[in-house]
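So the structure is just underneath, and the comments pick up after that.
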Amino acid sequence: MMRREISAFAQRRWLLLSLLALLLLFLAFSFNSQVMQHVDEEPEITHRVFLDVDMDNQRLGRIVIGLYGTVVPKTTGEKGKGSSGKPLHYKKTPFHRIIPGFMVQGGDIVHGDGKGGESIYGGTFHDENFKINHWRPGVVSMANSGRNSNGSQFFITTVKASWLDGEHVVFGRVIQGMDTVYAIEGGAGTYSGKPRKKVIIADSGEIPKSKWNEDAAKL
């Protein structure tokens with residue numbers, strides 16, 4: 001009698017462990033599917049902008065960035081003038097922080113050294129959302145000094161930087177000119193981040209949709 005009770009108990013325990021293992025496998029599969037779906041379904045590009053870059057007064061190349069205006073309309077909608085009346089564009093501003101194997105950073109329209117920034121919403125504005133990850137090189141994301149401290153500074157990744165997910169708002173990606181980004185990284189980058197050459201955004205602006213096909217032909 002005792003042996004039958006032990007046997008029944010062992011069977012029930014084995015069944016419970018089997019069900020638990022199946023549940024864990026199901027959850028793991030679902031999580032991986034969500035990750036893959038996130039990577040495969042890239043957000044719609046609603047705007048394209050360009051940055052013409054000089055290094056030590058020599059033209060390096062053009063970077064074209066596609067903006068995710070549907071997912072982050074507030075972050076991509078910074079046009080016009082800041083709260084101080086200063087025009088919000090990147091012409092004549094530097095890439096002030098360049099770290100090999102990580103990213104290039106610019107967008108300080110106030111001081112040009114990473115200590116300033118501005119937006120149409122005031123000095124800084126809140127994180128809009130973290131729906132898009134830093135899942136590949138060429139991701140364009142907001143630089144900040146902590147939660148809800150976005151201004152005009154941005155960075156472009158040169159590697160997958162998943163440790164930044166949930167910390168910085170991704171708002172676009174490089175669709176043309178990653179060779180220029182890598183030239184900035186290799187030609188002026190240091191491990192301290194302080195550029196060893198002067199890298200300036202000589203010109204910048206938005207590309208009208210009527211000219212998108214012309215740019216696509218150059219890719």
Side-chain angles (χ1 to χ4, degrees), residues 49-67 72 75-76 78 82 84 86-119 123-128 130 132-205:
V49 295
F50 71 90
L51 306 174
D52 287 336
V53 182
D54 290 351
M55 181 185 293
D56 283 352
N57 299 315
Q58 297 294 320
R59 181 53 48 89
L60 196 60
R62 169 170 287 195
I63 302 169
V64 177
I65 298 170
L67 304 180
V72 281
T75 306
T76 58
E78 288 208 85
S84 69
K86 188 178 182 67
L88 289 176
H89 61 68
Y90 295 126
K91 294 179 184 179
K92 309 304 179 184
T93 63
F95 281 98
H96 62 269
R97 187 172 178 234
I98 305 169
I99 302 176
F102 181 21
M103 59 85 193
V104 302
Q105 182 174 330
D108 182 350
I109 63 174
V110 178
H111 302 300
D113 59 3
K115 297 178 181 178
E118 197 173 356
S119 77
T124 60
F125 62 99
H126 282 201
D127 299 321
E128 190 165 4
F130 300 109
I132 311 169
N133 289 337
H134 303 75
W135 61 280
R136 53 169 286 170
V139 165
V140 186
S141 188
M142 294 299 294
N144 63 44
S145 57
R147 290 282 182 175
N148 301 318
S149 60
N150 302 285
S152 54
Q153 292 190 44
F154 68 94
F155 62 89
I156 303 172
T157 62
T158 57
V159 295
K160 178 181 177 180
S162 55
W163 65 90
L164 300 178
D165 297 344
E167 301 292 336
H168 295 265
V169 178
V170 174
F171 63 93
R173 73 170 177 89
V174 174
I175 57 177
Q176 181 183 341
M178 272 306 292
D179 56 337
T180 301
V181 176
Y182 288 130
I184 296 170
E185 176 190 41
T190 64
Y191 288 106
S192 69
K194 184 178 181 180
R196 51 194 170 89
K197 293 183 179 180
K198 189 176 182 180
V199 183
I200 298 292
I201 299 172
D203 196 10
S204 66

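Excluded from the calculations below are hydrogen atoms, water molecules and symmetry mates; all remaining heavy atoms, backbone and side chain alike, are included.
- Formation of a donor-acceptor pair under 3.5 Å by the Q153 side chain with backbone atoms of G116 is found in this model.
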Evaluate I156 against V174 for side-chain contact (heavy atoms from CB on, under 4.5 Å), listing each step before the verdict.
CA-CA 8 Å; I156 303 172; V174 174; 3.7 Å; yes

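- Between S152 and E118, the side chains place no donor N or O within less than 3.5 Å of an acceptor N or O (distance only, hydrogens not considered).
- You'll find the side chain of V53 reaches within 4.5 Å of the side chain of I184, heavy atoms only.
- The backbone N or O of I200 sits nowhere less than 3.5 Å from a side-chain atom of D54 that would complete a donor-acceptor pair.
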Would you check, one step at a time, whether the test side-chain contact (heavy atoms from CB on, under 4.5 Å) holds for F171 with V140?
CA-CA 6 Å; F171 63 93; V140 186; 3.5 Å; yes

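- Between R59 and D52 there is a side-chain heavy-atom pair separated by less than 4.5 Å.
- A donor atom on one side chain and an acceptor atom on the other are found under 3.5 Å apart for H134 and D165.
- In terms of modelled atom types and a separation under 3.5 Å, the side chain of T190 and the main chain of K194 share a donor-acceptor contact.
- Residues S204 and L51 come closest through the heavy atom pair CB-CD2, 3.8 Å.
- By the 4.5 Å heavy-atom criterion applied to side chains, M142 and T75 are counted as neighbours.
- With contacts defined as side-chain heavy-atom distances shorter than 4.5 Å, the pair I98/F95 qualifies.
- Side chain of N144 to backbone of S149: no donor-acceptor contact under 3.5 angstrom is found.
- Aromatic ring centroids of H168 and F155 lie under 6.0 Å apart.
- Taken to the nearest 0.5 Å, the CG atom of L60 stands 9.5 Å off from the NZ atom of K197.
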Decide yes or no on side-chain contact (heavy atoms from CB on, under 4.5 Å) for H126 and R147, but give the supporting numbers first.
CA-CA 7 Å; H126 282 201; R147 290 282 182 175; over 6 Å; no

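- Checking side-chain atoms of D108 against main-chain N and O of D113 turns up a donor-acceptor pair under 3.5 Å.
- One distance of note links CD of E128 with CG of N150; it measures 9.0 Å at 0.5 Å rounding.
- Put simply, OG on S141 and CG on L164 are 7.0 Å apart, with the number rounded to the nearest 0.5 Å.
- Taken to the nearest 0.5 Å, the CD atom of Q176 stands 8.5 Å off from the CG atom of D179.
- Judged by distance alone, the side chain of N148 and the main-chain N or O of D127 form a donor-acceptor pair under 3.5 Å.
- Between the side chain of H89 and the backbone N or O of K91 there is at least one donor-acceptor pair closer than 3.5 Å.
- In this structure, K198 does not pair ionically with D56, as no charged nitrogen and carboxylate oxygen lie closer than 4.0 Å.
- Shown here are the ring-ring contact (aromatic ring centres under 6.0 Å, His included) partners of F102, two or more places apart in sequence or in another chain: W163.
- In this structure the side chain of V49 never reaches within 4.5 angstrom of the side chain of V64, judged on heavy atoms.
- Nearest heavy atoms, T158 versus G101: OG1-C, 3.8 Å.
- Counting only distance, with no hydrogens or angles, the side chain of R196 and the backbone of G189 share a donor-acceptor pair below 3.5 Å.
- Side-chain N or O atoms of T93 include none that pairs as donor or acceptor with a backbone N or O of I201 at under 3.5 Å.
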Is there a side-chain contact (heavy atoms from CB on, under 4.5 Å) between E185 and V181? Walk through the geometry before answering.
CA-CA 6 Å; E185 176 190 41; V181 176; 5.7 Å; no

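- Using a 4.5 Å heavy-atom cutoff, the side chains of K160 and R136 are not in contact.
- Aromatic ring pairs are classed by plane angle as parallel below 30°, tilted from 30° to 60° and perpendicular above 60°; the pair Y90 and F154 is tilted.
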